[in-house]
Amino acid sequence: MISKTRKSTEEKPAAPKPAAPKPAARKPAKNRYVLLRALSYIPVLFGVTVLVFVLMRAAPGDAAYMLLTEHGKDVTRENLAQTRTELLLDAPVWKQYAAWVAAAAKLDFGRSAINGREALPQFVAHLAYTVRLALPAIAVMLFIALPCGVIAAARAGGAFDAAARAATVLILSIPGFCAGLALLYLFGVKLALLPTFGAGGWRHMILPAATLAAGAGAGYARFIRAAVLEQLSADYIKAGLARGVRPGRLVNRAALRQALPAIVTSVSMTLGLLLGGSAVIETVFSWPGVGKFLVDAVSKRDYAVVQCCVLLFGVFFVTLNFAAEIISMLLDPKTRRGKGDAA
Amino acid sequence: MKKAFANPLFTAGFIISFLLSAVALFGGILAPNDPLAVDFRNTLAPPGGAFPLGTDDLGRCVLSRLLCGAGATLGATLTVEIFTLTFGLFAGLIAGYFGKAADGVILIVLDVLLAFPSIILALVIAGVLGPGLFNLILALCAVWWVGHARMARSLARSARGRTFVLAAKACGSGSFSIITRKILPHILPQMIVYSALDASAVIAGISSLSFIGLGVRPPAPEWGASLNDARAYMETNPQMLIAAIVCLLLAVAGFQLMGEGLRDVLAVRLPHIGIRKRRRGDALGKRDL
């Protein structure tokens, strides 16, 4: 039964495109899905830019005044009025928004009010540090959390599941910065094994990377467990068991395959957790990544930098989620089979 | 109630939360010293004597500051949780029950807010509003209701097709009465469990942001801010750091245990809300019952 279903799902995408009415009938459902998703992606992207725009306009301070004083010019009524016109501050809001989006689309996010350099290159430079912390976390997610989640789901209720659940609840409920500070004290001060702040060699990386990886790994393992468990309670598993298929084979071949879309989307959700966590954890360890960059910009009220970071984060995640959905749809045997079968 | 206290998780969580609430309410009375009294002749004193946990860099009593800071941290958490539960229920019920255009609009708002990691958006909003506990609460509320709304929406959606709702509809009940009398009581246990579990995340959020310096204004005590104060003196006065961490962990554990216990006692299962499931139901025009 199971092998039969699998066979049919695997054969279908391989079917040649210009074929009998059946695949032709399938395609529109799939295209319609992608189109609908793309259409709902646009208003969200629009909303993200509006939100950032509104937040930045709501920030206190006169942009024209700040620009003039930044360039060391005397502020007179005339040049203030002129700068305001140049900056479109007197224009209708929609015009300001359009100009702002046009500039952002050209990757012009303005200059930092603190050091006068462009925001984007600084963001990119700091991003390299965050990526360095994120890579070990992603490795932990894929090589430790993923198998642990699957095993916990396959042996749900067993000793491994209980231990894994206790560990994930423990890790997830401890605020990241508390864990970071505790590790810092233990390994940096008490045992004096590792450096306590800044970025340098690999030794500087261990503590922040471990803190981030623990959080991301625990979150991911929980997603995976839930996703696989959901599949294991499905009827096709019961049917397989009743027919005497080995449980291990059912998990590996059938349930994992069905859970694959959820496993992919979980990566994008966990990356969100990771980046959110990095803002605080990088501050704890004085690690010069984008998180600390943003925190510093917020506390110095450097709005050009804040807007650059937040807009890029937002666009990045909306795009990531969109991509994850499309990938998971392509991986999902149910949607692949078309609308009729999925219902 | 008897059944609830038979559950060890709930009982442990309840006791911890109860004790912490007592500290939050009566911290000022319990504190051995004035939490704001600065004494430059007695800075960074080791634990002992009149100062059980020593003094900080301005000679203020660490213990008193933690006891008085409980009110700020836990009070803010409670405020955020009550507001987000109310607002999330409101938005989620409307989106989940009416569907169609109302659902579409609310979903877009939710998706926009979900586009950012919540702590980062809260950080930026709090930064724009300026430091202060009230602004911090406002910023967190603006971001945190999304989770409650999604949960309420998903629960309301699945309740919509249940027979008791259909029966009420058949008897001629209006939408308002169906929502408030049928669906709300039906989904409330799940929402309460969700809120209790979520409270520990809110504590983490509040203390993280005050740790960064966006919470209470400096002289006032707060746990996240205490952690930040303690950080610089980790080598000489580790008890400052350890005490603040223990306070935060206790609070987080209390809510977490209470939530987990309540989940067992009320026998509720929270739906696993993934991105894909919700969207595919929408895209193909199906109800995710």
Side-chain angles (χ1 to χ4, degrees), chain A residues 32-33 36-37 40 43-44 47-48 51 55-56 58-60 169 173-178 181-182 184-185 188-190 196 223 226-227 230 261-262 265-266 268-269 272-273 275-277 279-280 283-284 294-295 298-299 301 306 310 313-314 317-318 321 324-325 328-329 332 335 339 342-343, chain B residues 104 107-131 197 200-201 203-205 207-209 211-214 224 227-228 230-231 234-235 238 241-242 244-245 248-249 252-253 255-257 260 272 274-277 279-280 282-284 286:
Chain A
R32 182 170 157 252
Y33 176 78
L36 273 171
R37 287 302 309 123
S40 67
V44 170
V48 164
L51 180 64
L55 273 176
M56 290 307 116
V169 167
S173 55
I174 296 177
F177 75 107
C178 272
L181 283 169
L184 198 56
Y185 174 66
V189 177
K190 199 90 191 173
T196 52
F223 281 134
E230 196 184 327
T265 41
S266 301
S268 74
M269 289 172 84
L273 270 174
L275 194 69
V280 185
T283 310
V284 168
L294 173 64
V295 168
V298 166
S299 54
R301 307 194 149 246
V306 173
V310 181
F313 282 170
F317 276 104
V318 173
N321 285 342
E325 267 179 59
S328 73
M329 189 211 61
D332 190 346
T335 37
K339 193 188 166 194
Chain B
L107 267 186
I108 288 178
V109 174
L110 293 183
D111 279 347
V112 168
L113 291 173
L114 278 172
F116 307 93
S118 47
I119 193 79
I120 288 196
L121 193 55
L123 166 80
V124 172
I125 296 177
V128 167
L129 293 173
L197 290 172
S200 47
I203 293 182
S207 50
S208 311
L209 293 181
F211 174 76
I212 291 168
L214 289 167
L227 261 179
N228 195 19
R231 187 175 153 214
M234 201 184 273
E235 293 183 30
L241 184 82
I242 295 169
I245 290 181
L248 270 173
L249 290 189
V252 167
F255 284 110
Q256 191 78 31
L257 287 171
E260 300 267 343
H272 172 65
I275 295 177
R276 179 186 64 96
K277 214 172 150 188
R279 294 281 178 62
R280 202 180 58 211
D282 296 341
L284 298 180
K286 289 185 304 180

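Only this structure's heavy atoms are used, side chains among them; waters, hydrogens and symmetry mates stay out. Source: prediction; values computed, not measured. Note on naming: letters A, B, ... go to the chains in the order of the sequence lines (proteins, then strands), and numbering restarts at 1 for each one.
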(message) Restricting to non-hydrogen atoms, name the atom on V318(A) and the atom on A115(B) that form the minimum distance, rounded to 0.1 Å.
(response) CG2-CB, 3.2 Å
(message) I need the minimum non-hydrogen distance between G127(B) and R301(A), along with the two atoms involved.
(response) O-NH2, 3.4 Å
(message) Looking only at heavy atoms and a cut-off of under 4.5 Å, which of E260(B), Q256(B), R231(B) has the most pairs with chain A?
(response) R231(B)
(request) Quick one: which of G130(B), S207(B), A244(B) has the most heavy-atom pairs under 4.5 Å with chain A, could you say? (result) S207(B)
(request) Could you look at V48(A) and say if it's the side chain, the backbone, both or neither that has a heavy atom under 4.5 Å from chain B? (result) both
(request) Nearest 0.5 Å please: distance from the CG atom of L55(A) over to the CG atom of L129(B). (result) 8.5 Å
(message) So for F177(A), is it side chain, backbone, both, or neither that comes closer than 4.5 Å to the heavy atoms of chain B?
(response) side chain
(message) Quick check: closest heavy atoms across A182(A) and I245(B), and the distance to 0.1 Å?
(response) N-CD1, 3.9 Å
(request) Heavy-atom distances under 4.5 Å only: say whether L123(B) touches chain A with side chain, backbone, both or neither. (result) both
(message) Using heavy-atom distances under 4.5 Å, tell me whether I242(B) contacts chain A through its side chain, its backbone, both, or neither.
(response) side chain
(request) Could you look at I203(B) and say if it's the side chain, the backbone, both or neither that has a heavy atom under 4.5 Å from chain A? (result) neither
(request) Using a 4.5 Å cut-off on heavy atoms from C-beta on, say whether the side chain of L294(A) contacts that of V124(B). (result) yes
(request) Measure the CG-CD1 distance between L51(A) and I125(B) for me, rounded to the nearest 0.5 Å. (result) 6.5 Å
(message) For the CG atom of L181(A) and the CZ atom of F211(B), what is their distance to the nearest 0.5 Å?
(response) 4.5 Å
(message) For the CD1 atom of I120(B) and the CZ atom of F317(A), what is their distance to the nearest 0.5 Å?
(response) 7.5 Å
(request) Please look at L113(B) and chain A and tell me whether the side chain, the backbone, both or neither of the residue comes under 4.5 angstrom of a heavy atom of that chain. (result) side chain
(request) For F116(B) and G314(A), work out which heavy atoms get closest and say how close. (result) CE2-CA, 3.5 Å
(request) Starting at OG of S299(A), measure out to CD1 of I212(B) and round the result to the nearest 0.5 Å. (result) 8.5 Å
